[in-house]
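As structure tokens, the structure follows; a few thoughts come after it.
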Amino acid sequence: MSSWNGDPLPDPKEIAAYGDGEFEGQPQLASLRRRVEKWVESHPEAADQLQAQRRLTEVWQATEPQQPADAAWERAAAQVRELAWPALPAQHRMRAWRLAALGAACLTLAASVLWIVLSLVPPEAGNEIVQQPVPVPQKQVIQPVVPAAPLELLEVAVAEEVEILRVGGADTSTLVVGEPPVQGMMVIAQPGEVSVTRVEPAHDNMMPEVRGADPAGGINPMIWAPIVVK
Amino acid sequence: MAVGIVPAPLLVSDETLLARFARGERAVLEELFRRYRALAYRVAYRLLGNEADALDAVQDGFVKALTHLPGFEGRSTFKTWLLRVVSNAALDLGRQRGRRETLSLEGLGFADQEQLALSTVIDPAFRLERDDLRRLLQQALAKLPEAQRQTFVLHAEAALSYREVAQVLGISIGTVMSRLYYARQKLRAHLSRWIKL
């Protein structure tokens with residue numbers, strides 16, 4: 001039976017949406033709402049579904065996580081302040097950098113000019129710099145030189161070192177076939193070489209979305225991987 | 001005796017706060033954090049199951065959201081955008097740190113066939129049972145596929161509508177409905193071993 005009283009059967013997901021109040025204030029969904037309400041009134045299993053949904057909501061609300069103590073929040077806020085504050089707008093950052101660079105350039109130029117001038121001007125008579133002998137201390141304590149901390153290398157993996165275990169997301173537009181991890185090369189089939197004859201639900205009863213031929217004439221790619229039979 | 005009505009303090013909109021933050025007003029950061037930290041924490045806690053990780057995810061989420069403000073182009077509200085960033089940060093953290101083991105309920109003395117009346121469990125007087133129920137629910141949540149868990153938490157905890165959840169996750173409303181439906185089925189299947197739903 002695909003209809004009831006001439007109307008299509010409500011989907012259990014539509015009944016759940018009704019239970020979530022998704023039809024409230026939605027005049028364009030008024031007819032769907034009426035259909036669901038009539039169905040629920042005359043079908044106990046639908047009413048049971050809504051009742052179970054409400055009880056799950058009660059459990060959820062009764063187990064609201066307790067907020068952390070004020071001290072923990074203050075520590076978190078301090079971290080956010082420290083890490084997020086440098087995020088000044090780009091134009092402010094640029095202006096600050098420009099000013100700093102300009103200042104450094106001016107200082108360097110001034111120092112260079114001063115050094116050139118001083119080196120070119122001969123000392124006046126009587127004002128020669130007389131080198132005094134540097135007194136050598138009797139005892140010298142040699143402090144050990146602490147080596148600078150080694151630079152931490154950023155390791156980057158090459159393609160051969162990366163193994164893709166899972167392609168997640170229910171909304172990917174490709175159908176991945178084969179057991180993970182995928183070993184070896186991934187063979188891409190050409191259009192016309194593959195035909196899908198049957199699609200079965202996964203272990204969690206979710207049906208994969210399989211798209212057929214693109215009405216616009218495009219090609220929907222599919223990824224195949226060899227299955228190793230042990 | 002004169003009676004006056006004290007008007008409620010005017011809340012500055014998120015958009016105004018963000019504009020002021022972009023101009024360099026540091027104090028705005030405090031207001032944004034104070035405004036959304038509780039909600040962000042509840043979402044992160046549901047996804048991760050413990051306070052320490054949830055706090056880390058909230059920190060990471062806020063820092064990412066505030067340092068990537070140019071990427072927030074106003075196509076959604078700041079709240080939904082922040083929740084997307086926080087929930088993704090929580091899931092990333094969960095993957096990095098591995099799922100922490102939750103306390104087995106068998107160790108708490110509940111037999112497999114024993115069913116607790118829901119009204120008893122949620123009675124405020126039975127505080128211990130409430131904590132056990134929270135752990136039970138976290139166990140059930142942990143068993144959900146990541147996509148279903150994130151979708152369900154955003155809807156149930158953050159009270160986002162189907163449309164808002166779809167916007168946050170970049171998926172269709174139909175996919176939101178499917179994920180919620182299957183998530184509820186699995187949660188009920190796990191919980192019904194212990195409580196009557």
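Chain identifiers are assigned alphabetically (A, B, ...) following the order of the sequence lines, protein sequences preceding nucleic acid strands; residue numbering begins at 1 within each chain.
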Measure A:Gln51 against the heavy atoms of chain B and call it side chain, backbone, both or neither at under 4.5 Å.
-> neither
Between A:Glu64, A:Glu14, A:Gln61, which has the largest tally of heavy atom pairs under 4.5 Å with chain B?
-> A:Glu64
Note: A:Gln67 and B:Ala38 closest approach over all heavy atoms is NE2-O, 3.2 Å
Expected output: side-chain A:Glu22 to main-chain B:Ser161 donor-acceptor under 3.5 Å = no
Could you state the interatomic distance from CZ (B:Phe62) to CG (A:Leu83), rounded to the nearest 0.5 Å?
-> 13.5 Å
Interface moiety of B:Gln150 toward chain A, non-hydrogen atoms closer than 4.5 Å = neither
Heavy atoms only, distances under 4.5 angstrom: which of A:Ala77, A:Ala16, A:Pro68 has the most pairs with chain B? Name it, please.
-> A:Pro68
B:Leu66 side, atom CG; A:Arg81 side, atom CZ - distance, nearest 0.5 Å = 12.5 Å
So, the side chain of A:Gln79 versus the backbone of B:Gln59: is there a donor-acceptor pair under 3.5 Å, distance only?
-> no
Side chain / backbone / both / neither for B:Glu30 at chain A, heavy atoms under 4.5 Å = side chain
Taking A:Gly21, A:Ala76, A:Ala52 one by one, which has the highest count of heavy-atom pairs under 4.5 Å against chain B?
-> A:Ala76
Heavy-atom distance under 4.5 Å to chain A: side chain of B:Val58, backbone, both or neither?
-> side chain
More than 12 heavy atoms of other residues, nucleotides or ligands under 6.0 Å from CZ of B:Arg26: is that the case?
-> yes
Greatest number of heavy atom pairs closer than 4.5 Å to chain B - which of A:Arg54, A:Arg75, A:Gln53 | A:Gln53
Considering only heavy atoms, which portion of B:Arg188 lies under 4.5 Å from any heavy atom of chain A: side chain, backbone, both, or neither?
-> side chain
With chain A, which of B:Asp56, B:Leu55, B:Leu191 has the greatest number of heavy-atom pairs at distances under 4.5 Å?
-> B:Leu55
Which pairs of donor and acceptor atoms, one on a side chain in residues 25-34 of chain A, lie under 3.5 Å apart (sequence neighbours left out)?
from    : atom 1 : to      : atom 2 : distance (Å)
A:Gln26 : OE1    : A:Gln28 : NE2    : 2.7
A:Arg33 : NE     : A:Glu37 : OE2    : 3.0

Given side chains that start at C-beta, do those of B:Arg46 and A:Trp60 come closer than 4.5 Å, heavy atoms only?
-> yes
Sequence neighbours excluded, the answer for side chain to side chain contact (heavy atoms under 4.5 Å, CB included) partners of B:Ala57 is B:Ala44, B:Leu48, B:Ala90, B:Leu93
Residue pair A:Ala84 / B:Phe21: nearest heavy atoms and the distance that separates them | O-CZ, 4.3 Å
How far does CD of B:Gln185 sit from CG of A:Leu56, to the nearest 0.5 angstrom?
-> 12.0 Å
Of B:Leu137, B:Leu136, B:Asp131, which meets side chain to side chain contact (heavy atoms under 4.5 Å, CB included) against A:Thr63?
-> B:Leu137
Write down the atom of B:Val63, the atom of A:Val80, and the distance for their closest heavy-atom approach.
-> CG2-CA, 4.0 Å
Could you look at B:Tyr162 and say if it's the side chain, the backbone, both or neither that has a heavy atom under 4.5 Å from chain A?
-> both
Should A:Asp11 and B:Tyr181 count as side-chain neighbours, where that means a heavy-atom distance under 4.5 Å?
-> no
Do B:Glu51 and A:Gln66 have side-chain heavy atoms sitting under 4.5 Å apart?
-> no
Counting heavy-atom pairs under 4.5 Å to chain A, which of B:Arg34, B:His155, B:Lys64 comes out on top?
-> B:His155
